[in-house]
Each structure stands twice: as C-alpha cells, then as structure tokens.
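Lettering of chains follows the sequences in order, A, B, ..., and the numbering in each one begins at 1.
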Protein chains: 4
Amino acid sequence: MDPTTAGAPTRGYTATKDDLQKRLRRIEGQVRGLQRMVDSDTYCIDVLTQVAAVTKALQGVALGLLDDHMRHCVTEAVRAGEGEDGGDDKVAEAMGAVGRLLRS
Amino acid sequence: MDPTTAGAPTRGYTATKDDLQKRLRRIEGQVRGLQRMVDSDTYCIDVLTQVAAVTKALQGVALGLLDDHMRHCVTEAVRAGEGEDGGDDKVAEAMGAVGRLLRS
Amino acid sequence: MDPTTAGAPTRGYTATKDDLQKRLRRIEGQVRGLQRMVDSDTYCIDVLTQVAAVTKALQGVALGLLDDHMRHCVTEAVRAGEGEDGGDDKVAEAMGAVGRLLRS
Amino acid sequence: MDPTTAGAPTRGYTATKDDLQKRLRRIEGQVRGLQRMVDSDTYCIDVLTQVAAVTKALQGVALGLLDDHMRHCVTEAVRAGEGEDGGDDKVAEAMGAVGRLLRS
C-alpha cells in the first residue's frame, strides 16, 4: 500500500479531482488578472464585469461539488440507511450548503 | 509631473486602490486554500462552505467597486452634464453591471 | 377510498403542504403590499427593501421545497435503485433546480 | 390644482408606474399560480422551476426600480449638490439597496 495515499478518504469529488483543481487554478489566475486590471487602472465597469465572471466560475465549482456530493456521499448514506434517520442528516447538511450558496 | 503617475487615468477606485488590492490578494489566498483543501481530500461540505465564503468576499469587492464608481465616475458625469443625456448613459452602464452581479 | 384524494400523487411537500400554502399566501400578500406602496408613491428605496424581503421569502420557499424533495423523492428513488442509474437521474434533476435557483 | 394628485411626491418610478404595477400584478398572478400548483400536487421540481421564474421577475422589478431611482432621485440630488456631501448620501443609500438585493 502506498503510504502517501494510505487512509486518504474517498470524497464525492475524488473522481473529478483533476477537473476541479484545473477550475480552481483557472479561478486563481482570474483573481490575479483582477489585480493586474486594478494595477493598470482599468475602467471600473470592466473590472466589475470580470468580478461577475469570477463569481460565476465559483458558482460553477460549487454546483459541481454539490453534484458530486449528492451523487456519492448522500446517495451512499441513504443506501446504507446510515444513522438513525437513514441518511436524512446528510440531506439536511447538503441543504444547509445550498442555503449558504444562495445567500452568498 | 511625477513620471510614475503620468497618464494614469483616475478611476473610481483610485483612492481605495490599496485596500482593493489587499482584498484581492486575500481572495487569491482563499482560492489557493481551496486547492489545498481539495488536495488533502477535505470533506465536500467543508469545501463548499469555503467556496461560499470566497463568493461572498468577491461580492464585497464588487459592492466596493460599484460604490466607488457611483461616488466618483457617475457623480462627475452627472455634474458635468456629460453627453447628450447628462450622465444617463453612465447610470445605464452602472445598472448593467448591477444586473450582471445579480445574475452571477 | 376517499374519492377526493383518489389518485392524488404523493409529493415531497405533501406533509408540509399547509405550511407551504401559508407561506405562499403570505408572499401573495407581500406582493399586493408592494402594489399599494407603489400606488401611494412610497420612496423608491423603501419599495426596493420590500422587494428584497419578498425575494428572500421566495428563496425560503424554494429551499423548503428542495429539502422536502431531497428527503422524500430523491431518497426513495435511491433506496428503490430506481432507473438504470439507481436514482442518479433524480439527483441530476435536483441539481438542475439548484442551478436555476442560484442563477435567478 | 388637481386634488387627487395634490401633494403626491414625485418618485423615480413616477413615469414608469403603470408598467411597474403591471409587472407586480403579473407576479401576484404567478404566486397564485404557485398555490394552484401545490394544491394540485404538481411535481416538486416543476414548482421549483416556477419559483425560480417568479424570483427572476422580482429581480427584474428591482433592477427597474433601481434604474429609475438612479436616473432621477440620485441624479437630481447630485445636480442640486444636495446635503453636505453633494448627493453622496443618496449614492450610499442606493448602494445599501444593491447590497440587500445581492444578499436576498
């Protein structure tokens, strides 16, 4: 067993991890792009348009993570009848995350 | 004339540029933090909570930029009675930006 | 069999239907309140504050519906191993709804 | 002086009042439509899709109101150099409204 991965838990996003990291690196690049725009005194509205684009990209990451989570973690908890309530606490937890996204 | 600022246009955020850059660097750090969370297989819901926090920080940047823009660029256009419509095109442009933020 | 309910399908919100209808009637009242505010020339910002309150109430309804849907319809589809993909289409459908809410 | 309008203050939306009321009545009709959907046990996801549509319609009303407000109330305050700060308090107030919309 490879000691570096021994015990690495399986997450909802394990299968899509490379794609997820690629998206996050692109978002990091977009945020650095915003810094350069401000540095070179880009017109406010153009900076704002780019801020909206980065926000949209982050929402895309959130939807992808939530989809992975529902498809794996929640589904498995339900199938396993996990906990006293057969997976309902996992659903409640996921709904809490949706609520935070809607309000952010 | 100071050669370092020669020709640099004045933007709505000129007076708050340092604060704006500090916020953007903090957001960049948060996005790198997300990459580390994914790298170390952090639980999906905890990653999602952090994505919501970064989104909120970006919305804060957007509101700050919009406030600066309204307070300077739009206000000055209105005072100068700029354009045929006395600054109305600047207001329309700013409202377009608000619409993109609401939809992002 | 009670002929008035014969054939009425069970929905995720069946158990919370009264509460849901009460919320929707309250929102209807809030929208009529907005019409009265406009009719009596209420200050724009106060109308906008109330529009934001109604939007928030609608988001609350959406979160409640989604929670009911996840807790019943999706959970049951997963338990029944419904469809070729064992409930995954139900999850995908719910994620589509979350996406529409985030973008609205 | 027409006694029916005597003292009616001019609001940002005065010129677009009929259109605004028409939109609000349509939204009221959509909310009643939601009640009928729930009453007839419509599938959760279809109810959610309609909730997202009503939310979007409300956001449209908010953007319209904000546009009217900026175009008239704020612009006039700036032109009049109103208050100690020449209209800046009006801008701050409008930005507060944008913030509430973004968070709703």
Side-chain angles (χ1 to χ4, degrees), chain C residues 5 7-14 17 20-21 23-49 51-59 61-62 65-66 68-70 72-74 90 93-94 96-104, chain D residues 5 7-14 17 20-21 23-49 51-59 61-62 65-66 68-70 72-74 90 93-94 96-104:
Chain C
T5 58
T10 305
R11 295 304 180 199
Y13 53 79
T14 298
K17 200 166 169 171
L20 181 55
Q21 289 288 34
R23 280 163 175 248
L24 287 172
R25 276 194 301 269
R26 203 183 305 133
I27 289 171
E28 187 195 333
Q30 287 178 304
V31 176
R32 267 204 298 266
L34 280 170
Q35 294 168 27
R36 279 191 302 272
M37 288 176 93
V38 168
D39 211 54
S40 57
D41 301 297
T42 305
Y43 183 49
C44 318
I45 295 293
D46 297 328
V47 183
L48 273 166
T49 301
V51 172
V54 184
T55 306
K56 209 161 199 162
L58 269 171
Q59 300 273 27
V61 164
L65 276 168
L66 197 66
D68 285 339
H69 180 63
M70 294 299 310
H72 297 102
C73 312
V74 178
K90 283 283 179 208
E93 190 189 49
V98 173
R100 283 190 293 279
L101 289 173
L102 277 175
R103 264 177 272 283
S104 73
Chain D
T5 58
T10 304
R11 295 304 180 198
Y13 54 79
T14 299
K17 200 166 169 172
L20 181 55
Q21 290 288 33
R23 280 163 176 248
L24 287 172
R25 277 194 301 269
R26 203 182 306 132
I27 289 170
E28 187 195 333
Q30 286 178 304
V31 176
R32 268 204 297 266
L34 281 170
Q35 294 167 28
R36 279 191 302 272
M37 288 175 94
V38 168
D39 211 53
S40 57
D41 302 296
T42 305
Y43 183 48
C44 319
I45 294 293
D46 297 328
V47 183
L48 273 167
T49 300
V51 173
V54 183
T55 307
K56 208 161 199 162
L58 269 171
Q59 299 273 27
V61 164
L65 276 168
L66 197 66
D68 286 338
H69 181 64
M70 293 298 310
H72 298 102
C73 312
V74 177
K90 284 283 179 208
E93 190 188 49
V98 173
R100 283 190 293 278
L101 289 173
L102 277 175
R103 265 178 271 284
S104 73

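Residues Cys44(C) and Gly12(D) share a closest heavy-atom pair of SG-N, 3.4 Å. In this structure, Tyr13(D) and Met37(C) approach most closely via the heavy-atom pair OH-O, 3.7 Å. Contact record, Val31(C) with Leu24(D): CG1-O, 3.4 Å, taken as the closest heavy-atom pair.
Contact annotation for Leu58(D): both backbone and side-chain heavy atoms come within less than 4.5 Å of a heavy atom of chain C. Using a 4.5 Å cut-off between heavy atoms, Gln59(C) contacts chain D through its side chain alone, with no backbone atom that close. Thr42(C) touches chain D through backbone and side chain together, each having a heavy atom under 4.5 Å away. Contact of Ala62(C) with chain D is made through backbone and side chain together, with heavy-atom distances under 4.5 Å. Contacts between Met70(C) and chain D at a heavy-atom distance below 4.5 Å are absent for every atom of the residue. Within the 4.5 angstrom heavy-atom criterion, atoms from both the backbone and the side chain of Leu34(C) approach chain D.
When Glu93(D), His72(D), Arg25(D) are compared by the number of non-hydrogen pairs under 4.5 Å with chain C, Glu93(D) comes out ahead. Your options are Arg103(C), Arg32(C), Lys56(C), His69(C), and the one with the most heavy-atom pairs under 4.5 Å with chain D is His69(C).
For residues 36-48 of chain D, the pairs satisfying salt bridge (Lys or Arg N to Asp or Glu O under 4.0 Å) are Lys17(C)-Asp41(D), with sequence neighbours left out.
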Begin with the C-alpha distance, continue with both residues' side-chain angles, and end with the deciding distance and a verdict on side-chain contact (heavy atoms from CB on, under 4.5 Å) for Leu48(C) and Leu66(D). CA-CA 8 Å; Leu48(C) 273 166; Leu66(D) 197 66; 3.6 Å; yes
Using the rule given for side-chain contact (heavy atoms from CB on, under 4.5 Å), can you reason through Arg100(C) versus Ile45(D), listing the C-alpha separation, both sets of side-chain angles and the distance that settles it, and then say yes or no? CA-CA 11 Å; Arg100(C) 283 190 293 279; Ile45(D) 294 293; 3.9 Å; yes
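Among the candidates Glu28(C), Arg23(C), Gln21(C), the single residue satisfying the side-chain hydrogen bond (donor to acceptor under 3.5 Å, both in side chains) test with Gln35(D) is Glu28(C).
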